[in-house]
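Reading through the structure tokens given below for one structure.
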There are 4 protein chains.
Amino acid sequence: MTEKKAKRQLLLDAAAEIFARKGYHATRVSEIAERAGVAKGTVYEYFRTKEELFYALLDSWLTQFEHELSEQLTGVADPLQQADIVREAAVMFYCRHAAHAPIFLEFWAHALRSIDSRFLERIRRFRQFLLDLGCRLTGELVARGVFLPVDIPSVVYLEAGISDGIFLLWVLSGRNFPLERAYVFRQSVLGLGLLSDAARKQLQGKLRQKLQDGFLSEP
Amino acid sequence: MTEKKAKRQLLLDAAAEIFARKGYHATRVSEIAERAGVAKGTVYEYFRTKEELFYALLDSWLTQFEHELSEQLTGVADPLQQADIVREAAVMFYCRHAAHAPIFLEFWAHALRSIDSRFLERIRRFRQFLLDLGCRLTGELVARGVFLPVDIPSVVYLEAGISDGIFLLWVLSGRNFPLERAYVFRQSVLGLGLLSDAARKQLQGKLRQKLQDGFLSEP
Amino acid sequence: MTEKKAKRQLLLDAAAEIFARKGYHATRVSEIAERAGVAKGTVYEYFRTKEELFYALLDSWLTQFEHELSEQLTGVADPLQQADIVREAAVMFYCRHAAHAPIFLEFWAHALRSIDSRFLERIRRFRQFLLDLGCRLTGELVARGVFLPVDIPSVVYLEAGISDGIFLLWVLSGRNFPLERAYVFRQSVLGLGLLSDAARKQLQGKLRQKLQDGFLSEP
Amino acid sequence: MTEKKAKRQLLLDAAAEIFARKGYHATRVSEIAERAGVAKGTVYEYFRTKEELFYALLDSWLTQFEHELSEQLTGVADPLQQADIVREAAVMFYCRHAAHAPIFLEFWAHALRSIDSRFLERIRRFRQFLLDLGCRLTGELVARGVFLPVDIPSVVYLEAGISDGIFLLWVLSGRNFPLERAYVFRQSVLGLGLLSDAARKQLQGKLRQKLQDGFLSEP
DNA sequence: CATGAATGAGAGTTCATTCAT
DNA sequence: AATGAATGAACTCTCATTCAT
């Protein structure tokens, strides 16, 4: 039972490694098998098709992230603190999968073309999960007067877009800057833009400093 | 001569249409030929391989954008006005290629895996073009005291990431919001975050209104 | 011991069912195992290969028929009565295996191509068994003056061919007529053709009526 | 145009040869290609799948037979003469395809199992063609008082069954007797059984001689 | 005896590319 | 320059068979 799961995971790990290095289409099922130390046929004992294996990888990553984030948020009430947790979780997630980063681009590209709609659905479900969370947090910050009165969904959408954009930037630029600092930087810019006058007064100094520091140079 | 160029363009247009609808790998060279109204073999008179055709498409789009933007900026001195031109050019570019949007994801994914490094190099050259432009503009705005003193490259990097991120958001969400308004919204948030106290005072009202409006609902 | 035989029979029955429905090549060994309620590997405890299982099925059916017919003929002296018994046994055999009918076509086809010559040999042995029987019966009928003087082997060959032909007709036409009546009809036609003048006079009325009735309409 | 048809025929001939020798399933597409002197891929320029090639073979044979028989019957009025033409055409057809004989068994077996219903439909259409013809001929013979009053469809069905049965016999026995003589023998037996008293008187002598001669020994 | 996970040879099929016309 | 028939390497996936447990 548990051994079956372990071997499944082994295959997923092997697949991640090869997919990341060669891309979905250039990856041969036989390579994945070889990497996992099993025969080609064995892959098909665990996944019906190559595409299913690809999907299983996407699903396992997103599910794991959703679970971990949910857990970490349990018991935390303060929305600002929650926002930090979300950011950290995202960064941690991306960093853990740093070597697999290019796969995400392929998940996205694949989602837009495959007849298999599960990819797009799964990604949208994940995004919805984050958007819901973001709306809750942002809504509370607006309600408490920390943020200016804004159109909450728009802000949350924008934030989501920015997150992916930074990730894209990071991947395409050859991962030549620390992802975490970029996310902090983003938070500072957005913060300065969205904070109410009162909140701004309090945080201004720290945030402006961060803007001056940037995220490209070594700290 | 010019007829040769015209047919080349015909093939590029056909390729764009099919690549967008089916994706690079699912597209057959024969389909492109059929769509362009020529025989399969003719494609190879104009492009050595399928990948070269794909690259030519990327290159033609980016080159066109670079040319157009350079032209439009010629003779405009005011950096704020220039920033508007850049934003408008980007939106126009994306909108013109709205139907081809998914191809960009594939360009990016392809750039990260193909043995053919031209893809990555070409994309980086394009980004560098935009980053240089952004640094010049932002630098001037900082110099003039419109923007706070910030680490200019970081801000420009961030803006670039945000642009792509919004585009990604737009594509993955099924293009269900107006791209232009999202870019304006982005500008407002960043503006409020980056403007110096003096500049902020002047523009605050208009920008805050935009934050309240958002970009998701019909105007 | 006997349990071993019982499970072997269980597997043969399962195989017959699946082979009949899907055909030899489209049948998976795992399906047979599943149908028999055992594990895939167990099949190989009883039959060395899939083809051997197929052969065992053929053999079991033909052997059973040979045994049954031999038993039923024991103690019956009258050749006309014996002919009836043979015909009835054949019909009973075919009807019992009505659901498996298409398998016979595959046995025949298989016999003509398999490297494994046992199929062809077994089928020929079976045919020889019937031909010998037929020659004995027909010979006696000729000797007694019931039949015209004919080349006995040719008649018996023809009868055998007709039997298989009717069966083939029955299978390919979707089994849309009663097999038994077709065999009776055949007997009448052949009878009228082969009977001596004396015998014909006696049976003519009954046989001609049967020709008028045919075997396609409901009686 | 015509060259395309010629190559198609080349492939059909090659396929017939290999299918006949090895059977449908044991035949590799590459073998057919090799035999036809083309590359494997070329086969797929002419036939979408292996099964389609198999079907095309069946169709080409049956269609050819239908055409030839129709032509030969044109202008012949006498039903007895027509019956002879049909018999001769069938024998000629079988003899021309003697080397491919085992394929017919596979066509039949395939028709009963393939999801592709075209096989069964095509075979049934062919049989219907022959049955219609047979009914017309037999009907006329009955009307003219040559045959006894009989249930015409039953007789024709039986004759069709007998034809296939003799063919089966011939194939399974290793084609060790002359097919034509067997068909003549069959005709004699059936004739003696079906002829009216008047007609019988006339033909009796010749037919009985044929029964004595049989078809197994050399003439 | 029974199991069923693992195997891996081998199948049909695809399609970018070539090249004689 | 344009064609499209021909190519054949390379792919994914199947499934009869094995064998450690």
Side-chain angles (χ1 to χ4, degrees), chain A residues 1 3-4 7-8 11 25-34 36-53, chain B residues 1 3-4 7-8 11 24-34 36-54, chain C residues 3-4 7 11 24-34 36-54, chain D residues 1 3-4 7-8 11 24-34 36-54:
Chain A
M1 271 312 129
E3 205 196 320
K4 188 119 206 210
K7 188 167 269 182
R8 194 187 129 98
L11 283 167
H25 281 97
T27 293
R28 311 295 151 218
V29 173
S30 59
E31 286 178 290
I32 295 172
E34 197 179 4
V38 299
K40 193 171 29 159
T42 305
V43 175
Y44 288 89
E45 290 279 319
Y46 291 82
F47 305 97
R48 281 219 313 275
T49 63
K50 184 186 174 187
E51 196 175 22
E52 180 139 322
L53 169 56
Chain B
M1 265 317 127
E3 203 196 321
K4 181 123 204 201
K7 191 169 268 181
R8 194 186 129 97
L11 282 167
Y24 176 75
H25 282 97
T27 293
R28 316 286 153 231
V29 172
S30 59
E31 283 179 292
I32 294 172
E34 197 181 5
V38 301
K40 201 174 12 166
T42 306
V43 175
Y44 287 87
E45 294 284 324
Y46 292 83
F47 305 97
R48 280 220 316 273
T49 64
K50 184 185 176 187
E51 194 175 22
E52 178 140 321
L53 170 54
F54 197 49
Chain C
E3 202 195 323
K4 183 126 202 198
K7 191 169 267 183
L11 282 167
Y24 176 72
H25 282 97
T27 294
R28 317 285 153 232
V29 172
S30 60
E31 284 178 291
I32 295 172
E34 197 181 5
V38 300
K40 201 173 12 165
T42 306
V43 176
Y44 287 86
E45 294 283 326
Y46 293 82
F47 305 98
R48 280 219 318 272
T49 64
K50 184 186 175 186
E51 195 175 22
E52 178 140 324
L53 170 54
F54 196 49
Chain D
M1 269 314 129
E3 204 196 320
K4 189 119 205 211
K7 189 166 270 180
R8 194 188 128 98
L11 284 167
Y24 177 73
H25 282 98
T27 293
R28 313 294 152 219
V29 173
S30 59
E31 285 177 291
I32 294 172
E34 197 179 4
V38 300
K40 192 167 33 157
T42 304
V43 175
Y44 288 88
E45 291 278 320
Y46 292 82
F47 305 97
R48 283 219 314 273
T49 64
K50 184 185 175 189
E51 195 176 22
E52 179 139 324
L53 170 55
F54 197 49

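All of these numbers come straight from a predicted model, not from anything done at the bench. Below, chain A is the first sequence line, B the second, and so on; all start at residue 1.
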Roughly, in whole Å, what's the span from [atom1] in [X] to [atom2] in [N]?
X	N	atom1	atom2	result
C:Y44	F:dC15	OH	P	12 Å
D:K50	E:dA11	NZ	P	9 Å
C:I32	F:dC15	CD1	C1'	12 Å
B:L53	E:dC15	CG	C1'	15 Å
C:E52	F:dA16	CD	P	15 Å
B:F54	E:dT17	CZ	P	14 Å
B:Y24	E:dC15	OH	P	13 Å

Query raised in the report: Which stems, defined as runs of 3 or more consecutive Watson-Crick or G-U wobble pairs with both pairing distances under 3.5 Å, involve DNA chain E?
Result: E:2-21 with F:2-21
In Å and rounded to the nearest 0.5 Å, what is the [atom1] to [atom2] distance from [X] to [Y]?
X	Y	atom1	atom2	result
B:E34	B:K40	CD	NZ	11.0 Å
A:Y46	A:K4	OH	NZ	5.0 Å
D:R28	D:H25	CZ	NE2	9.5 Å
C:Y24	C:K50	OH	NZ	5.0 Å

**Report entry** Where D:T49 and D:Y44 come nearest, the two heavy atoms and their spacing
**Finding:** CA-CE2, 4.1 Å
Report task. Considering non-hydrogen atoms only, spot the tightest contact between A:L11 and A:I32 and give its length. Result -> O-CG2, 4.1 Å
Query raised in the report: Just wondering, more than 12 heavy atoms not from A:E52 lying within 6.0 Å of its CD?
Result: yes
Query raised in the report: So what does B:T49 hit on the nucleic acid, given a heavy-atom distance under 4.0 Å: a base, only sugar-phosphate, or nothing?
Result: sugar-phosphate
Query raised in the report: More 5' along DNA chain F: A:R48 or C:E51, using each one's nearest nucleotide?
Result: A:R48
Report summary line: Reading nucleotides 3-10 of chain F from 5' to 3' and marking B where a protein heavy atom lies under 4.0 Å of the base, S where only the sugar-phosphate is that close, and - otherwise, the string is BBSBBB-B
